[in-house]
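Down below is the structure, laid out as structure tokens.
Keep in mind the model is a prediction, meaning the values are calculated, not measured.
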Amino acid sequence: MTSIRAAAVAGFFYPKDTAELTATVRNFIDHVPDTDAPPPKAIIAPHAGYVYSGAIAAMAYARLRPIAHRIRRVVLLGPCHRVAVNGLALSGADFFETPLGRVPLDKDAATAILDMPQVEIFDDTHAQEHSLEVHIPFLQMLLDEFTLVPLVVGQASADDVADVLERLWGGEETLIVVSSDLSHYLDYASAQAIDQRTCAAIENLDPSAIERDGACGRFPVSGLLRIAERRGMGVETVDLRNSGDTAGKKDKVVGYGSWIFTEGTTPSKPTAPRNSAPSVAIRVGTPKAEADTSADFEAATKALLAQHGDLLIQLAASSVLHGLDQGAPPKAVNGKFPQELRDNRACFVTLKHGPRLRGCIGSPQAHRPLVVDVVDNAFKSAFKDPRFKPLTAPELKNLTLSISVLSPQTPFPVTSQADLLAQLRPGIDGLVIADGGKRALFLPSVWEQLPTADQFLQHLKAKAGMTPDHWSDDFKAWRFIAEEKKSSDYANPADIWQGRA
């Protein structure tokens with residue numbers, strides 16, 4: 001049954017009549033002059049009634065005109081005004097609807113972030129929320145066919161939001177939109193003063209400088225600033241006004257601003273990228289030869305594990321021991337570790353009791369420093385894998401662990417199951433498959449138990465909840481490689497348990 005999140009504020013924040021809405025948005029966009037400036041990867045724009053903030057929002061949206069035909073997915077984040085939520089909330093709907101039609105939600109993207117502890121599906125917070133809805137008509141007018149990833153953001157740290165954005169970042173097909181107004185109900189002069197300070201914080205990529213009353217969307221804005229800092233992005237203010245400048249009185253005003261964020265440019269405040277991705281990582285869709293990328297990754301990761309593999313194994317083991325004692329993983333402090341371990345990388349941690357699997361949890365995509373990923377995934381493998389009961393201390397005897405560091409995933413274009421089987425490289429490829437909201441991943445190490453391509457694929461389909469002969473035009477696949485470090489490489493593997501095994 002199709003689920004539709006119906007328009008909640010049409011006729012209130014923006015026109016309900018389709019023709020009037022079309023003319024209104026087109027008029028806003030058409031009044032913005034063309035520019036040769038670089039197109040945005042992300043924008044911040046306001047979400048008030050169109051009569052107050054529509055022209056300010058259009059200043060950012062108009063900059064999409066040269067690249068509108070390339071955008072196929074929009075990640076849209078805004079604050080909650082109605083129903084509170086902790087972290088970030090997805091919608092369980094299939095479509096978001098406005099008077100201009102329905103926009104499908106990107107279920108694959110939602111699945112890709114639902115394993116993150118700060119993300120949940122919570123439809124109640126979406127039902128009457130205007131901070132996302134008012135942006136959709138602008139997107140519908142400018143873009144061709146696109147999917148939507150709507151996220152209502154409650155109290156969440158800048159890093160929590162940035163980590164979600166990192167996982168959804170994509171390439172030129174993906175646009176990031178953050179919805180926020182600025183100060184609320186101050187006199188004109190006071191509003192101008194605080195809005196200028198917020199503008200400076202955004203231009204300086206400094207989320208800590210946004211005051212509590214500086215922006216109603218300070219949580220999603222802070223996350224965008226954090227990832228912009230990590231990626232060395234440029235930011236440009238394209239409009240900064242308030243309701244006293246547009247359609248209201250000046251005794252109590254609401255502030256609005258629009259900003260664009262561009263890749264491959266110098267940020268307004270020179271900033272060293274924070275927790276940046278390793279140099280061998282490439283974005284999905286980048287036209288670099290896959291063989292070259294694999295070779296680069298393999299060489300770099302083998303060198304990393306040769307130098308720091310023992311430390312990573314010890315950190316993973318310490319996380320398991322800490323979990324047994326405290327019921328939580330230890331906190332890894334990035335500054336205490338070499339830069340190679342503070343770069344964003346994806347890993348899986350696998351536990352085995354003798355020859356039997358005892359837990360396996362990991363990150364399909366790089367979204368946080370490797371040292372943090374190892375510590376958290378080791379704890380979850382021991383205590384949070386839903387297939388197993390939480391680990392107990394007596395099981396440390398004969399318990400081994402391994403860490404697999406994953407390359408970026410690359411799309412695996414195939415036309416049929418036979419084509420997929422023919423292209424799979426036994427013993428080398430890790431594989432992700434997805435179709436109809438079902439998704440599963442196998443590490444390359446699984447080839448040790450399932451040595452033929454047919455066995456490998458059939459078991460992966462079973463893991464995803466698909467039938468062995470399942471195939472459709474929407475079937476998607478990605479492959480990756482991995483380098484592994486095992487505790488069994490130690491002369492005495494039990495040493496990692498600090499004498500407690």
Side-chain angles (χ1 to χ4, degrees), residues 87 114-120 160 163 304-338 341-342 345-364 367-406 430 440-446 448-450 459 463 482-501:
L114 270 173
D115 66 319
M116 304 179 78
Q118 66 268 43
V119 180
E120 63 176 321
D160 277 350
D163 288 345
L304 180 146
L305 292 178
Q307 184 174 2
H308 302 298
D310 288 352
L311 174 58
L312 292 175
I313 290 290
Q314 291 163 9
L315 284 170
S318 295
S319 181
V320 173
L321 293 173
H322 194 276
L324 285 171
D325 293 337
Q326 304 294 330
K331 293 184 178 179
V333 181
N334 291 346
K336 293 183 179 179
F337 298 98
L341 303 185
R342 290 186 284 123
R345 291 177 181 260
C347 83
F348 273 69
V349 177
T350 302
L351 300 178
K352 289 186 175 181
H353 194 264
R356 293 181 291 105
L357 181 68
R358 187 56 182 83
C360 182
I361 296 289
S363 303
H367 67 284
R368 57 184 173 181
L370 177 59
V371 64
V372 177
D373 212 41
V374 166
V375 168
D376 187 52
N377 290 337
F379 172 81
K380 289 177 179 176
S381 295
F383 305 104
K384 299 295 184 179
D385 190 324
R387 298 168 295 180
F388 303 96
K389 293 181 179 179
L391 187 77
T392 60
E395 292 179 277
L396 291 178
K397 186 176 182 179
N398 297 324
L399 187 72
T400 58
L401 64 82
S402 63
I403 299 168
S404 296
V405 181
L406 279 58
L441 175 150
F442 267 172
L443 295 172
S445 58
V446 175
E448 296 174 8
Q449 288 78 44
L450 304 170
H459 281 76
K463 182 180 180 182
E483 292 295 324
E484 189 176 25
K485 178 69 176 181
K486 301 178 180 180
S487 63
S488 57
D489 295 338
Y490 283 73
N492 185 0
D495 285 349
I496 65 169
W497 305 121
Q498 302 173 13
R500 295 173 58 178

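When every heavy atom of Ser363 is checked against every heavy atom of Ala346, the shortest pair comes out as O-CB, 3.1 Å. Pairing each heavy atom of Ile496 with each of Ser487, the nearest pair is CD1-CB, 3.7 Å. Closest non-hydrogen pair, Phe379 versus Gly327, comes out as CZ-O, 3.6 Å. Minimum heavy-atom separation, Glu484 to Ser404: CG-OG, 3.8 Å. When all heavy atoms are compared, the tightest approach of Leu315 to Phe337 is CD1-CE2, 3.7 Å. Nearest heavy atoms, Leu324 versus Ala393: CD2-N, 3.8 Å.
A heavy-atom distance below 4.5 Å is not found between the side chains of Asp373 and Val349. At least one side-chain heavy atom of Leu399 sits less than 4.5 Å from a side-chain heavy atom of Arg358. Within the 4.5 Å cutoff, the side chain of Lys486 has no heavy atoms near those of the Thr400 side chain. When side chains are defined from C-beta on, Arg387 counts as touching Leu357, because their heavy atoms get closer than 4.5 Å. With a 4.5 Å cut-off on side-chain heavy atoms, His459 and Val446 do not count as touching. Within the 4.5 Å cutoff, side-chain heavy atoms of Leu304 are placed close to those of Arg345. Between Leu351 and Asp385, every side-chain heavy-atom pair lies at or beyond the 4.5 Å cut-off. Ile361 is not listed as a side-chain neighbour of Lys384, based on a closest heavy-atom distance of 4.5 Å or more.
Take Gln307 and apply the side-chain hydrogen bond (donor to acceptor under 3.5 Å, both in side chains) test, not counting sequence neighbours, and it matches no residue. Leu114 is linked by a side chain to side chain contact (heavy atoms under 4.5 Å, CB included) to Leu90, Val119, Ile121, counting only residues two or more places apart in sequence or in another chain. With sequence neighbours excluded, no residue forms a side-chain hydrogen bond (donor to acceptor under 3.5 Å, both in side chains) with Glu483. Under the ring-ring contact (aromatic ring centres under 6.0 Å, His included) criterion, Phe348 pairs with no residue at all, not counting sequence neighbours. In this view, Ala316 and Val374, Ala378, Leu401, Ile403 satisfy the side chain to side chain contact (heavy atoms under 4.5 Å, CB included) rule, not counting sequence neighbours.
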Item to check | From CA spacing to verdict: side chain to side chain contact (heavy atoms under 4.5 Å, CB included), Lys485, Leu312 | outcome: CA-CA 9 Å; Lys485 178 69 176 181; Leu312 292 175; over 6 Å; no
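Using modelled atom types, no side-chain atom of His353 and backbone atom of Asn398 make a donor-acceptor pair closer than 3.5 Å. Under a 3.5 Å cut-off, the side chain of Ser319 and the backbone N or O of Val375 do form a donor-acceptor pair.
Side-chain atoms of Ser445 and Glu448 include no donor-acceptor pair closer than 3.5 Å.
Interatomic distance, CG of Leu370 versus SG of Cys347, reported as 5.5 Å (0.5 Å rounding).
Counting only residues at least two apart or on different chains, the salt bridge (Lys or Arg N to Asp or Glu O under 4.0 Å) pairs with a member in residues 374-383 are Arg368-Asp376, Asp376-Lys380.
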